[in-house]
Amino acid sequence: MVNFYPTQVSDFCSKETMIMIHLYRQLRKQYPHVSHKWWPTSGEFKPVQLEIVIGALLTQNTNWKNVEKALKNLIDSNMLSADAVANCHTSKLQRIIRPAGFYRQKSKRLGALCEFITNYGGNFYKDVTREQLLELNGIGRETADSILLYACNKPYFVIDAYTRRLLKREEIITGKEKYDEIKEMFEKKLPKNAKVYKHFHALIVENEKSMARRA
DNA sequence: GGCCAGGCACAGC
DNA sequence: GCTGTGCATGGC
């Protein structure tokens with residue numbers, strides 16, 4: 001169980017902190033089946049985290065079901081390591097990831113990302129920084145944070161369309177805030193804990209999806 | 001058939 | 001800095 005007692009005196013009277021933790025508790029109660037182990041992996045890739053990195057890139061502006069098709073194509077083509085993907089011909093990679101859409105852009109970006117992982121001095125999953133990821137073509141803030149949180153298990157909160165929608169509806173944000181502004185809001189008001197960030201994000205996504213289903 | 005889905009880069013202002 | 005636009009497929 002995570003300790004939610006304020007760690008700083010200044011946290012004690014922060015209304016925003018109370019709202020944020022209340023929201024987290026409410027969602028946990030509402031979706032008890034949702035856990036921090038939310039990002040789906042087949043276990044086919046080496047290492048397992050590579051599948052999360054690839055998925056994070058492929059899911060950009062794309063339905064997850066289409067990403068799954070592309071991931072299955074990679075598995076069926078035995079493209080299970082960063083090295084294999086990095087050395088795959090662009091035209092072949094395009095064919096493989098085609099169901100995920102934007103295949104011309106994404107094949108180029110995916111190849112470059114896998115090349116970066118392959119050539120990374122040290123352990124990519126342990127050592128890569130947000131700045132290094134943001135320098136890569138096609139890796140923006142959300143994708144970088146998804147990789148850092150879900151693949152690297154580091155406390156970086158992911159702000160996606162679901163998160164913005166929920167926060168706006170709850171009137172916690174106006175909608176005009178920048179990505180990093182919202183991200184810092186979460187990170188300042190919650191314990192710096194990757195498991196909590198994953199769980200909270202998973203709960204937000206589940207809530208938005210279930211609301212969409214009901215609509 | 002139109003709209004959207006777990007964004008990003010880049011141009012133009 | 002902000003806004004618009006291209007990228008592309010599949011599901012509803």
Side-chain angles (χ1 to χ4, degrees), chain A residues 27 31 34-42 49-74 76-77 90-116 128 130-154 156-170 173-184 186 194 197-215:
Chain A
L27 288 171
Y31 306 102
V34 173
S35 88
H36 66 285
K37 295 176 190 170
W38 162 75
W39 196 293
T41 51
S42 65
Q49 301 98 290
L50 175 65
E51 186 170 1
I52 297 171
V53 174
I54 295 174
L57 182 67
L58 292 183
T59 195
Q60 291 172 6
N61 211 36
T62 303
N63 190 302
W64 182 257
K65 280 185 180 176
N66 294 336
V67 176
E68 285 184 331
K69 289 176 188 173
L71 288 170
K72 186 177 184 303
N73 287 347
L74 282 167
D76 292 344
S77 309
T90 306
S91 56
K92 186 181 173 190
L93 198 52
Q94 284 184 2
R95 259 200 321 280
I96 291 173
I97 67 161
R98 193 179 153 88
F102 302 96
Y103 65 90
R104 276 187 279 264
Q105 281 189 18
K106 287 181 180 175
S107 60
K108 208 187 299 174
R109 294 170 176 183
L110 184 60
L113 172 59
C114 285
E115 197 179 336
F116 180 78
V128 73
R130 191 171 196 248
E131 291 69 32
Q132 287 173 332
L133 289 170
L134 289 175
E135 277 179 23
L136 295 170
N137 179 262
I139 310 281
R141 296 168 212 282
E142 184 184 334
T143 309
D145 291 337
S146 292
I147 291 171
L148 289 163
L149 180 61
Y150 286 101
C152 304
N153 200 30
K154 290 178 182 176
Y156 288 78
F157 207 97
V158 177
I159 309 300
D160 54 17
Y162 293 135
T163 312
R164 286 177 191 273
R165 206 181 308 160
L166 173 70
L167 293 183
K168 195 174 173 193
R169 199 174 53 242
E170 297 293 326
I173 61 169
T174 66
K176 286 190 172 180
E177 292 82 354
K178 287 176 187 166
Y179 182 97
D180 284 334
E181 208 175 321
I182 304 173
K183 170 184 152 69
E184 279 166 27
F186 275 94
Y197 291 6
K198 287 181 191 179
H199 194 187
F200 204 159
H201 181 234
L203 289 164
I204 291 171
V205 176
E206 177 58 34
N207 186 59
E208 295 309 291
K209 286 193 170 176
S210 91
M211 285 194 76
R213 280 196 295 271
R214 285 198 294 270

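In what follows, chains are A, B, ... by sequence order, proteins preceding strands, each numbered from 1.
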Undergrad: Let me know the distance between CD of A:Gln60 and C1' of C:dT9, rounded to the nearest Å.
TA: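 So the CD-C1' distance, A:Gln60 to C:dT9, works out to 15 Å.
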Undergrad: Could you give the NZ-to-C1' distance, from A:Lys178 to C:dC2, as a whole number of Å?
TA: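 For the pair A:Lys178 NZ and C:dC2 C1', the rounded distance is 9 Å.
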Undergrad: Please enumerate all residues that pass side-chain hydrogen bond (donor to acceptor under 3.5 Å, both in side chains) together with A:His199, with sequence neighbours excluded.
TA: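 Expected list: A:Tyr24.
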Undergrad: Sticking with atom P, work out how far B:dC10 lies from C:dA8, rounded to a whole angstrom.
TA: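 Result for the P pair: 15 Å, nearest Å.
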Undergrad: Working to the nearest 0.5 angstrom, can you tell me the gap between A:Leu57 CG and A:Phe102 CZ?
TA: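 Those atoms lie 12.0 Å apart.
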Undergrad: How close or far is atom C1' of C:dC7 from atom CG of A:Leu58, stated in whole angstroms?
TA: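 About 14 Å, once rounded to whole Å.
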Undergrad: Are A:Thr59 and B:dG7 close enough that a side-chain N or O sits under 4.0 Å from OP1 or OP2?
TA: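 False: A:Thr59 side-chain N/O out of range (4.0 Å or more) of B:dG7 OP1/OP2.
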Undergrad: Nearest whole Å is fine: how far is C:dT5 C1' from A:Asn61 CG?
TA: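 From A:Asn61 CG to C:dT5 C1': 12 Å.
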Undergrad: Need one value for A:Leu136: base, sugar-phosphate or nothing, where a base atom within 4.0 Å counts as base even if backbone is also close, heavy atoms only.
TA: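 The answer is sugar-phosphate, as A:Leu136 gets under 4.0 Å only of primed atoms, P, OP1 or OP2.
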Undergrad: In whole Å, I'd like the distance from the CZ atom of A:Arg164 to the C1' atom of B:dA5.
TA: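 Atom-to-atom, A:Arg164 to B:dA5, this comes out as 16 Å.
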Undergrad: Does A:Asp145 pair with A:Arg141 as a salt bridge, N-O distance under 4.0 Å?
TA: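 Looking at A:Arg141 together with A:Asp145, the answer is no, because their closest N to O distance does not fall below 4.0 Å.
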Undergrad: Start at the 5' end of DNA chain C and walk down; is the nucleotide closest to A:Thr62 or to A:Lys69 reached first?
TA: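 Going by which nucleotide is closer to the 5' end, it is A:Thr62.
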Undergrad: Here's a test of your reading of the structure: between A:Leu134 and A:Val205, which maps to the more 5' nucleotide of DNA chain B?
TA: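 That would be A:Val205.
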Undergrad: Please work out if A:Ile139 contacts a base, only the sugar-phosphate, or nothing of the nucleic acid, heavy-atom cut-off 4.0 Å.
TA: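 It contacts sugar-phosphate atoms only.
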Undergrad: From CG of A:Leu133 over to C1' of B:dA9, roughly how many Å is that when rounded to an integer?
TA: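 The answer, rounded to whole Å, is 17 Å.
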Undergrad: Between atom CH2 in A:Trp64 and atom P in B:dG7, what is the gap in whole Å?
TA: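 The distance from CH2 of A:Trp64 to P of B:dG7 comes to 12 Å, rounded to the nearest Å.
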Undergrad: Between residues 94-108 of chain A and DNA chain B, which residues have a heavy-atom gap below 4.0 Å?
TA: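 Heavy-atom cutoff 4.0 Å gives A:Gln105.
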Undergrad: Given atom CG of A:Asn66 and atom P of B:dC3, what is their separation to the nearest angstrom?
TA: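 Checked: the CG to P distance equals 19 Å.
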Undergrad: Just by distance, no angles: are the side chains of A:Thr62 and A:Lys106 close enough, under 3.5 Å, to form a donor-acceptor pair?
TA: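 There is such a pair (donor and acceptor under 3.5 Å, judged by atom type) between the side chains of A:Thr62 and A:Lys106.
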Undergrad: Measure the CZ-NE2 distance between A:Phe186 and A:His201 for me, rounded to the nearest 0.5 Å.
TA: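 These two atoms lie 9.0 Å from each other.
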Undergrad: So what does A:Arg165 touch, heavy atoms closer than 4.0 Å: a base, only the sugar-phosphate, or nothing?
TA: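 Sugar-phosphate, no base atom in range.
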